[in-house]
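Notes to accompany the following structure.
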2 protein chains.
Amino acid sequence: MKKKIIEKRGECTTELLAIKDAMELLSGKWKVHIIATLTYKGAVRFMDLQRHVEGIGAKMLSKELQDLEVNLLIKRTVLDTKPVTVEYELTPHGKTLEKIIGEIRIWGRSHRKKIIERK
Amino acid sequence: MKKKIIEKRGECTTELLAIKDAMELLSGKWKVHIIATLTYKGAVRFMDLQRHVEGIGAKMLSKELQDLEVNLLIKRTVLDTKPVTVEYELTPHGKTLEKIIGEIRIWGRSHRKKIIERK
DNA sequence: GAAAGTAGTTTCCTTTTGGGAAGTGATTTC
DNA sequence: GAAATCACTTCCCAAAAGGAAACTACTTTC
């Protein structure tokens, strides 16, 4: 006989939606790296960002910055200099990521140790 | 005249390596979702996991679980039941992710609010 | 013996992500 | 006037991620 499985979920779903939302923003090769750099350095120009985020190309950097901007995490400011320069910095809302980035950094460090000592 | 830009980095690099390590593990559509489910539910069988992680297919689930296992985050246990069943659960090391998952959840919730009220 | 449940693997396909090279247009420097 | 800098964009391609369906192999239930 088939047993009917009636599961209680409910309270999980909205929590998992929140996680999904956050991970959509943070997943990928560059976003967290860029945000971490802006956290360290404050306002940074495009070319300087490219120099600090090792390995990223102009196309990727441009795309990622647009992504972060529409999600209200960074602010783009065009400066009226001789060759125009553009500065990027975290918004107040972007700065609320500091905690999560901090936790990722701490955990990454301990995980690195763990994996190295296993070998 | 060309200006030589000599930059002080140094202490950043190892921190960014740690972030990179962590993000390689957590990036993607499913990993955090799976870990969060195991955090909530404890030991869970394959088919139950598939039911809880909405939308995931058997192939993806299998691949993601293998990934998490080789990184020492989950433990796979084959149970000697009539049709064999397999249980997955977080290792002690996997459980250290709780904090970071918690932060992601909290931030995701507040971000969700922010984005919704903007519209 | 047919059906269904266990835990996957395999094949084939589409979508997404990422990357290099070159181009743009304005301005400044040599 | 040639070269370089800034902040990109466009094009074209490769690799990775993700997914649907079928298949394996074994056991229990009808």
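Chain letters run A, B, ... following the sequence lines, proteins first, then strands; residues in each count from 1.
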Identify which nucleotide among [options] has an atom closest to any side-chain atom of [X], counting heavy atoms from C-beta outward.
X: B:Lys29; options: D:dG18, C:dT28, C:dG8; answer: D:dG18
X: A:Tyr88; options: D:dC8, C:dG8, D:dG18; answer: D:dC8
X: A:Glu64; options: D:dA7, C:dG18, C:dT27; answer: C:dG18
X: A:Ser62; options: D:dT9, D:dG19, C:dT9; answer: D:dT9
X: B:Pro83; options: C:dG18, C:dT6, D:dC8; answer: C:dT6
X: B:Val86; options: D:dA7, C:dG8, C:dG19; answer: C:dG8
X: A:Phe46; options: D:dG18, C:dA7, D:dA7; answer: D:dA7

side-chain contact (heavy atoms from CB on, under 4.5 Å) partner of [X], the single match among [options]:
X: B:Glu89; options: B:Val44, B:Thr77, B:Leu38; answer: B:Thr77
X: A:Ile35; options: A:Ile74, A:Leu26, A:Leu25; answer: A:Leu26
X: B:Ser62; options: B:Glu64, B:Lys59, B:Gln66; answer: B:Gln66

Whole angstrom value for the distance that separates [atom2] of [N] from [atom1] of [X]:
X: A:Gln50; N: D:dA7; atom1: CD; atom2: C1'; value: 10 Å
X: A:Lys59; N: C:dT17; atom1: NZ; atom2: P; value: 12 Å
X: A:Lys31; N: C:dT16; atom1: NZ; atom2: P; value: 14 Å
X: A:Ile56; N: C:dT17; atom1: CD1; atom2: P; value: 14 Å
X: B:Glu69; N: C:dG8; atom1: CD; atom2: C1'; value: 13 Å
X: B:Met60; N: C:dT14; atom1: CE; atom2: P; value: 16 Å
X: B:Leu61; N: C:dG8; atom1: CG; atom2: P; value: 8 Å
X: B:Leu49; N: C:dA7; atom1: CG; atom2: P; value: 10 Å

Review point. Reckon A:Glu87 touches a base, only the sugar-phosphate, or nothing at all at heavy-atom distances under 4.0 Å?
Key: nothing
Point to revise | Min side-chain heavy-atom separation B:Ile56-B:Leu49 under 4.5 Å | key: no
**Study point:** Check: B:His52 ring centre within less than 6.0 Å of B:His33 ring centre
**Key:** no
Exercise for review: Considering just the side-chain nitrogens and oxygens of B:Gln66, establish if one lies under 4.0 Å of OP1 or OP2 belonging to C:dG8.
Suggested key: no
Review point. Counting just side-chain N and O atoms, does A:Arg45 come under 4.0 Å of either OP1 or OP2 of D:dC8?
Key: no
